[in-house]
**Q** 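Can you read through this structure? Questions will come right after.
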Number of protein chains: 2
Amino acid sequence: MADDSGHREPLNRERVLLAAVALADDAGLEAISMRKLAQALGVVPMALYKHVASKDELLNGMVDSVIGEIEPPQDGPDWLANVRRRILSARDVMLRHPWARRVLEAQSAPTPVVLAYTDSTIRMFLAGGLSADLVHHVMHTLGSRIFGFTQELHETSPAQAEELPPEVAQYMMATYPGIVAVAMSRPHDPGTVVGSGCDDRFEFEFGIDLLLAGVERLHRQGWRSADHDRDAASVI
Amino acid sequence: MADDSGHREPLNRERVLLAAVALADDAGLEAISMRKLAQALGVVPMALYKHVASKDELLNGMVDSVIGEIEPPQDGPDWLANVRRRILSARDVMLRHPWARRVLEAQSAPTPVVLAYTDSTIRMFLAGGLSADLVHHVMHTLGSRIFGFTQELHETSPAQAEELPPEVAQYMMATYPGIVAVAMSRPHDPGTVVGSGCDDRFEFEFGIDLLLAGVERLHRQGWRSADHDRDAASVI
DNA sequence: ACCTGAACACCGTTCAAGT
DNA sequence: ACCTGAACACCGTTCAAGT
């Protein structure tokens, strides 16, 4: 998606950011270097520094641009449905720009755009009548899920156990019986399963629904911090 | 913690890994380069390649060594308490080696040690009688929490709103009212609050307890995949 | 005043030359 | 056979020299 022809009109910040987003979408985050981005724009590397103070600022700008794609908050009467919908919209955006998640994670400080997104999400909970105290814990618990992704580490394994060489499958079953048992059980709707055989959307919705249901229950019960027993191995 | 004196005995893999862990604990992950690690060991950079095939393998070895510090699984009668205890042990380890989390996240494939840890955790749930199906979703939902950390992005803000210059506090309240409201509400036990004013352990335990309580409830109710309504904005 | 090439201080890793 | 220095192909960014 590199723009080779149009480098007649002058560069500006937006053109730089859009080109960077397109390059990352195409070639991955590791393709983003000041030098390569300049080349994609038909420009000398140092020319970028007129529009972007540093590589860090470039990356922040890219994330901000991606966050701008998330659907604005709805204000329907059902706060739970509003939140759920917003989070799933964030997830759609993150699926389009998989690199954005890594940049967001590596960010040392949130940009104003990221703060504004977080703020608006918080206000959806407050609008539902939840106490600031409860919302505080909820935000910690949801964590990166409000940005549409979860820390899942390594995809649970390729999971096509049937396609492995039999001696490898044998070895796996002997060494990691738990992983194999769990990886084999995937009774999801086959129509919605993507690629590697695991229905990521189902898992994501399962996670947020479990969390939101728990939160809603606590809210209904008038939960307060002091009720949470910190010492015993107690469960909420 | 660099070993300056003892570079008489020959290098071996373990010495390299331990020195790398110590260096990362001391100086942070960005201090880990083949060149700097070699210097810390009083050795020429290329000497490391005798014991470690590449920087990637070095990082994997460092994580493996850290995972080795996590308490082995207990097999008490209460699966929930067993799991909870193991996860909190993982958290203690990760607090000692904060860089490990970033390495684990960046890993493209799990090492055998990481797989073994995941496998043993899965088996704790299976030993509790949960179906492989439910455990599958649980593992997705817990995500990186089984390794003792959560994706929390940026610490919710420094949170000492009282210490901000009044015009900044004014600006924050006007611009991010939700964040401010939530950040101000921290009625935790002051004795356990660390550094920045937010009780991380409380938040972590709140999160796992909310999740484990939800899972336990589903298990008691004989939950099956098909019960989860994928289309409506339904909550479990 | 604007633009930009060379240069600096780093990387991980290859490879050939030393012993 | 082992060890290692120089070199390669990259970085982000500074800075001075060009226009």
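Since we're looking at a predicted model, the values are computed, not measured. We name chains A, B, ... by the order of the sequence lines, and we start the count at 1 in each one.
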**Q** Taking OP1 and OP2 of C/dC11, is either one under 4.0 Å from a side-chain nitrogen or oxygen of B/K36?
**A** yes
**Q** Surrounding CD of A/Q170 (heavy atoms of other residues, nucleotides or ligands, distance under 6.0 Å), is the total greater than 12?
**A** no
**Q** Whom does D/dC10 pair with, Watson-Crick or G-U wobble, provided both distances fall under 3.5 Å?
**A** none
**Q** Tell me: CG of B/D56 to P of C/dT13, nearest whole Å?
**A** 7 Å
**Q** Tell me whether B/H51 contacts the main-chain N or O of B/L11 through its side chain, where contact means a donor paired with an acceptor under 3.5 Å.
**A** yes
**Q** How is B/M34 classified with respect to the nucleic acid when contacts are heavy atoms under 4.0 Å: base, sugar-phosphate, or nothing?
**A** sugar-phosphate
**Q** Just checking B/E14: does its CD atom have more than 12 heavy atoms from other residues, nucleotides or ligands closer to it than 6.0 angstrom?
**A** no
**Q** How close or far is atom C1' of C/dC2 from atom CG of A/L11, stated in whole angstroms?
**A** 15 Å
**Q** Please determine whether a side-chain nitrogen or oxygen atom of B/K50 lies at a distance below 4.0 Å from atom OP1 or OP2 of D/dC3.
**A** yes
**Q** Does this structure show an ion pair linking B/E205 with B/R84, if we count only N-O contacts that are shorter than 4.0 Å?
**A** yes
**Q** Could you identify the nucleotide paired to C/dA16, looking across every strand shown and requiring Watson-Crick or G-U wobble geometry with both distances under 3.5 Å?
**A** D/dT4
**Q** CE of B/M46 versus P of D/dA6: gap in Å, rounded?
**A** 14 Å
**Q** From C/dT13, C/dT4, D/dG12, pick the nucleotide closest to the side chain of B/Y49?
**A** C/dT13
